[in-house]
Amino acid sequence: MAKIGFIGLGNMGGPMAANLVKAGHDVIGTDLSADAVAQLVEAGGTAGPSIAEAVNGAEVVITMLPAGSHVRSVYLAEGGVVTTVAAGTLLIDCSTIDVQTSRAVAGAAADAGMDMIDAPVSGGVAGAAGGTLTFMVGGEDGAFARAEPILAAMGKNIVHAGGAGNGQAAKICNNMILGVSMIGVCEAFVLAEKLGLDHQKLFDISSTASGQCWSLTSYCPVPGPVETAPSNRDYQPGFSAAMMLKDLRLAQEAAQNTGASTPMGAQAQALYSLFDAAGHANTDFSGIIRFLRGKA
Ligand code: NAD
């Protein structure tokens with residue numbers, strides 16, 4: 001079992017760290033929130049009063065932070081992870097951040113003799129609590145092999161997507177598909193309503209025809225056809241519109257940096273930005289159907 005320093009014990013990191021404790025690891029956690037640290041202690045972990053104290057002597061460091069700026073500073077600032085841990089330490093960043101920052105931090109870690117992977121997740125808070133997350137991993141083969149058994153205590157699908165930053169690339173490409181396809185499915189239901197076509201009929205036809213996709217068949221944005229979908233619980237998330245907007249912004253930033261043409265991704269970002277600004281940041285992202293009806 002490993003000695004693990006865990007930084008960022010929020011909605012996702014808290015339950016992930018608790019699952020590492022449950023699997024028998026020695027977890028020392030730190031967070032800006034004293035409450036978050038207290039919850040880890042309650043779960044059987046140890047409080048690290050600072051980043052340096054949490055990671056000093058650790059064999060593995062895991063971070064689960066809000067955005068790229070936090071990741072850059074936690075790893076690279078004076079007294080941060082890279083200046084504190086020993087060469088050979090395995091670093092795992094599970095945050096969802098921009099590809100450029102992810103690659104820059106991994107490069108600095110490699111220069112200091114550390115193995116680093118980016119391992120953003122899907123599965124949300126329920127997946128973090130249940131230990132059923134999917135990890136999309138970028139990094140060298142050797143680092144991936146070292147990380148796999150640690151990640152297995154927190155998730156059930158662990159996919160190696162290539163070199164440094166490719167986990168982040170996979171996550172934003174997937175979520176750009178999801179944002180675009182959800183809006184497409186919502187628009188089809190809104191048009192069907194105007195044409196007098198029943199929701200269930202459209203679902204039955206399209207779910208076995210060429211319009212079939214996950215946004216329709218697993219997460220249907222109208223109540224009825226898919227019992228587990230947030231549309232049946234007044235669009236309580238699920239996956240919030242704010243989270244979707246964050247990932248669409250990261251996708252657009254990456255598209256601009258690389259010169260990729262992603263006009264549908266840009267439209268999806270613009271629509272989720274309006275939805276968010278209209279006060280729906282904490283609505284499930286499938287709730288954008290109400291906005292498209294003009295009744296949000
Ligand atoms: P969160 O805001 O609940 O948790 C982030 C934690 O990081 C907070 O507790 C904060 O205090 C801590 N933190 C920030 N800066 C710090 C620092 N310098 N030192 C120590 N702690 C610091 O966010 P979350 O929902 O847990 O999400 C974390 C990451 O996971 C994000 O990148 C998010 O995009 C990604 N993600 C979230 C979900 C979800 O459903 N919540 C799903 C998939 C991916």
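When reading the values below, keep in mind they use all heavy atoms of this one structure, side chains included, and skip hydrogens, waters and symmetry mates. Whatever order the structure lists them in is the order used to number ligands and atoms, beginning at 1.
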Margin query: I'd like to check the side-chain hydrogen bond (donor to acceptor under 3.5 Å, both in side chains) partners of Thr262; sequence neighbours left out, ordered by chain and number.
Written below: Gln252
Note to self: Nearest 0.5 Å, please: how far is NE2 in His280 from CZ in Phe291?
What the structure shows: 7.0 Å
Note to self: For ligand 1, give me the residues whose heavy-atom distance to it is below 4.0 Å, by chain and number please.
What the structure shows: Ile7, Gly8, Gly10, Asn11, Met12, Asp31, Leu32, Met64, Leu65, Pro66, His70, Val74, Ser95, Thr96, Val121, Gly124, Val125, Lys171, Met243, Lys246
Item checked: ring-ring contact (aromatic ring centres under 6.0 Å, His included) contacts touching residues 120-155 (sequence neighbours left out) -> Phe144-His160
Item checked: Partner of Phe6 by side chain to side chain contact (heavy atoms under 4.5 Å, CB included), out of Val55, Ile28, Val21, Leu20 -> Leu20
Notebook entry, point to check: Please walk me through it: do Asp204 and Gln200 pass side chain to side chain donor-acceptor pair (under 3.5 Å)?
Noted result: CA-CA 6 Å; Asp204 291 344; Gln200 188 66 49; 2.9 Å; yes
Item checked: Pairwise side-chain hydrogen bond (donor to acceptor under 3.5 Å, both in side chains) hits with a residue in residues 26-49, at least two apart -> none
